[in-house]
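The chain is numbered in sequence order, starting from 1. All values reported here derive from a predicted model rather than from experimental measurement.
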Amino acid sequence: MTKPQPLTRHIVSINDLSNREIETVFQVAYGFLKELADHNIPYRIGRGTSVASKFILASLFYEPSTRTRLSFESAMLRLGGANITSADPAVSSAAKGESLADTIRVTSNYADIIVIRHPRDGAARLAAEYSQIPVINGGDGSHEHPTQTLCDLFTLRSKNRGLRNMKVAISGDLKGSRTIHSFVYALARFGATIDPLPAPGMELPPHVARRLREEFHCRMVSKSPNEADGSIDALYVTADQPHQLSLYAEPEIDYGLVLQKKIDAVYVTRFQKERWTEKERPYPKIDAKFLGEGKYSHASVMHPLPRVNELDAALDSDRRAIYFRQAAYGVPVRMALISLLLHLHRSKSLHKFPGGFAKAEHPLYVQRIGTGIQCANPNCITNDPAERQYAANKFYIMEDHSPQRCTLRCLYCETDIEAEASAHFVVSDSTRKTYSPGLAALKHTPADKLRHLVIHNSEADAEAAGFAPRVGGKKAHAG
Ligand code: NCD
């Protein structure tokens, strides 16, 4: 009898990992550090093992990278495996116009695990759909960068016992930074308080803020309740039940205390100029003067790097600066993730990673390619002309409090189609050949019947596609 193959697991979002699985990654990473660290530098992996010998990592990078690609490749070599790399789209078949979907179908026969970085939001999810082997997201547009978050949490964890009741300030381009998006979800899930310090006009995107509130039980608390405009000056405080099982046995959150508490870490990000049309914007600089304020006296200073001008190099010798250690942890953390995804551990005590994505919690509308609406995010992979034939639009139907409404969330880039953008949408029924205005029909249709529906941009689009208005439950007759 043949042995059943372990299922393929993809890590596209930090939310593809449960809190317990994140703890498992850390447990394995600590194990590698204990066994293989440099004798003089405890956070640096200095030796190798052979657990992944004969396994191959393919690194497909469609955007510049230093830390992510090199630490993944170093991790694979330290595990005893090998790397094949496509680090420059100009010298791969992407330059000839090959789609990501085809590249992945081909590459997944050449390697055992893929790490991908791409400028489009949702590209890693599309890659995972076409891959037969595990896909790890090394950063997709401004969507997410889950393995950076693992390094960030591991760094925080090495300084503090747990994250619950911690207060973390996040500074800079909170809109364009994918590292921030993965990080805030994780902070919220582990019960940390987030103190946003955005550059002007670079606040957290509305869909991220909405998810923090609605899915991860964050509360928005004004820092200065007497001020009329508390929109930027807000703290996100997690409610007392973290989203998923947490292994940290810590006391309930005391909101009063948290608000008065000093900052435990300041996480700095650079202006993501490649995601903005303007090449310069007013931007906060974190330096000794900024950190001179009493509340930062014990704050660790973190940065996913590269830094440009937003973090003063004079801080490098400050006892609070931990960003180079944070980058060094990329190796043990990625060794742990790769070895878990490849099922290389024999220990029964390690919680095993089951296959697939985290289970979808919302009904999914899958649209036939070439029909209906498009994702509203122009940078979504589904809006890439090279991928249109391969990426069907797929939207989660998110509950809205009103019975007549619902919000659509793109499965790939996870942005929501906001109410104004969907104001003229109609839902067409391909069995009856009728359409009804608004999105209410989606809410009243059982999940297994959703495949009969098509969302059109407008009545005119539905009529052009051969649908007639549905009046009082019946098709309206012309004339
Ligand atoms: C980040 C990235 O690429 O998103 N870098 C990294 O992976 N360490 C941060 C950035 O580029 O600003």
Please report the closest heavy-atom contact between Ile417 and Thr407, naming both atoms and the distance. O-CG2, 3.8 Å
Should Phe72 and Ile136 count as side-chain neighbours, where that means a heavy-atom distance under 4.5 Å? yes
Side chains of Ile373 and Gln367, heavy atoms from C-beta outward: is any pair under 4.5 Å? yes
Checking His10 side chain against Val135 main chain: does a donor-acceptor pair fall under 3.5 Å? yes
Examine the side chains of Gln148 and Thr179 and answer whether a donor and an acceptor come within less than 3.5 Å of each other. no
Between Asp121 and Tyr412: side-chain donor-acceptor atoms closer than 3.5 Å: no
Is there side-chain contact between His118 and Phe61, with at least one heavy-atom pair below 4.5 Å? no
Would you say the side chains of Asp429 and Thr431 form a donor-acceptor pair under 3.5 Å? yes
Hey, are the side chains of Thr193 and Leu187 touching, using non-hydrogen atoms and a 4.5 Å cut-off? no
How many angstroms lie between SG in Cys410 and OH in Tyr396, if you round to the nearest 0.5 Å? 9.5 Å
Between Thr103 and Tyr62, what is the shortest heavy-atom contact and its length? CG2-OH, 3.5 Å
Minimum heavy-atom separation for Ala188 to Phe216, with atom names? CB-CB, 3.9 Å
State whether the side chain of Asp140 and the backbone N or O of Gly122 hold a donor-acceptor pair below 3.5 Å, judged by distance alone. yes
Return yes when atom NE2 of His424 has more than 12 non-hydrogen atoms of other residues, nucleotides or ligands closer than 6.0 Å, and no otherwise. no
Minimal heavy-atom distance between Leu337 and Leu150, with the atoms involved, is CD2-CD1, 4.2 Å
So, Asn393 side chain and Thr382 main chain: donor-acceptor pair closer than 3.5 Å or not? no
Have Glu144 and Asn137 got a donor and an acceptor in their side chains that come within less than 3.5 Å? no
Please report the closest heavy-atom contact between Ser99 and Asp102, naming both atoms and the distance. OG-N, 3.1 Å
Would you mind reporting whether Val28 and Leu340 have side-chain heavy atoms less than 4.5 Å apart? yes
Hey, is CD on Glu280 packed in by over 12 heavy atoms from elsewhere, all under 6.0 Å? no
How long is the gap from OG1 on Thr445 to CD1 on Ile397, to the nearest 0.5 Å? 7.5 Å
Apply side chain to side chain donor-acceptor pair (under 3.5 Å) to residues Asn379 and Arg275 and explain how you reach the verdict. CA-CA 9 Å; Asn379 197 47; Arg275 321 226 182 273; over 6 Å; no
Counting only N and O atoms by type, is there a donor-acceptor contact under 3.5 Å from the side chain of Glu214 to the main-chain atoms of Leu212? no
Could you go through the side chain to side chain donor-acceptor pair (under 3.5 Å) check for Ser59 and Arg69 one step at a time? CA-CA 7 Å; Ser59 41; Arg69 184 169 70 79; 5.1 Å; no
Between His444 and Ala440, what is the shortest heavy-atom contact and its length? CD2-O, 3.1 Å
Not counting sequence neighbours, which residues clear side chain to side chain contact (heavy atoms under 4.5 Å, CB included) with Ala186? List them please. Ile14, Thr149, Leu153
Taking Thr269 for the side chain and Ser171 for the main chain, is one N or O donor matched with an acceptor at less than 3.5 Å? yes
Provide the full list of ring-ring contact (aromatic ring centres under 6.0 Å, His included) pairs with a residue in residues 120-147, sequence neighbours left out, each pair given once. none
Out of the candidates Arg211, Arg178, Arg210, Arg409, only one should pair with Glu414 under the salt bridge (charged side-chain N to carboxylate O under 4.0 Å, His left out) rule; please name it. Arg211
Checking side-chain polar atoms at under 3.5 Å, does Gln132 have a donor or acceptor matched by the opposite partner on Thr8? no
Just by modelled atom types, is the Ile133 backbone N or O under 3.5 Å from a matching donor or acceptor in the Ser131 side chain? yes
Determine whether Phe395 and Leu411 make a side-chain contact, defined as any pair of heavy atoms from C-beta on separated by less than 4.5 Å. no
Nearest-0.5 Å distance, CE of residue Met202 to CG of residue Asp173: 5.0 Å
So, does Gln272 use its side chain to make a donor-acceptor pair with the main chain of Ser142 at under 3.5 Å? no
Between Asn15 and Tyr185, is there a donor-acceptor pair closer than 3.5 Å when you use the side chain of the first and the backbone of the second? no
Counting distance only, does the side-chain N/O of Asp384 pair as donor-acceptor with the main-chain N or O of Ala386 below 3.5 Å? yes
Can Glu463 and Tyr435 be said to form a side chain to side chain donor-acceptor pair (under 3.5 Å), step by step? CA-CA 9 Å; Glu463 284 176 20; Tyr435 69 83; 2.4 Å; yes
I want to check something: taking the side chain as every heavy atom from C-beta on, are Val266 and Ile263 in contact at a cut-off of under 4.5 Å? yes
Are Phe425 and His456 an aromatic pair, judged by ring center distance below 6.0 Å? no
Answer yes or no: are there more than 12 heavy-atom neighbours, outside Arg281 itself, under 6.0 Å from its atom CZ? yes
Using a 4.5 Å cut-off on heavy atoms from C-beta on, say whether the side chain of Lys175 contacts that of Ile180. no
Look only at the side chain of Tyr283 and the backbone of Phe271, and say whether a donor-acceptor pair between them is shorter than 3.5 Å. yes
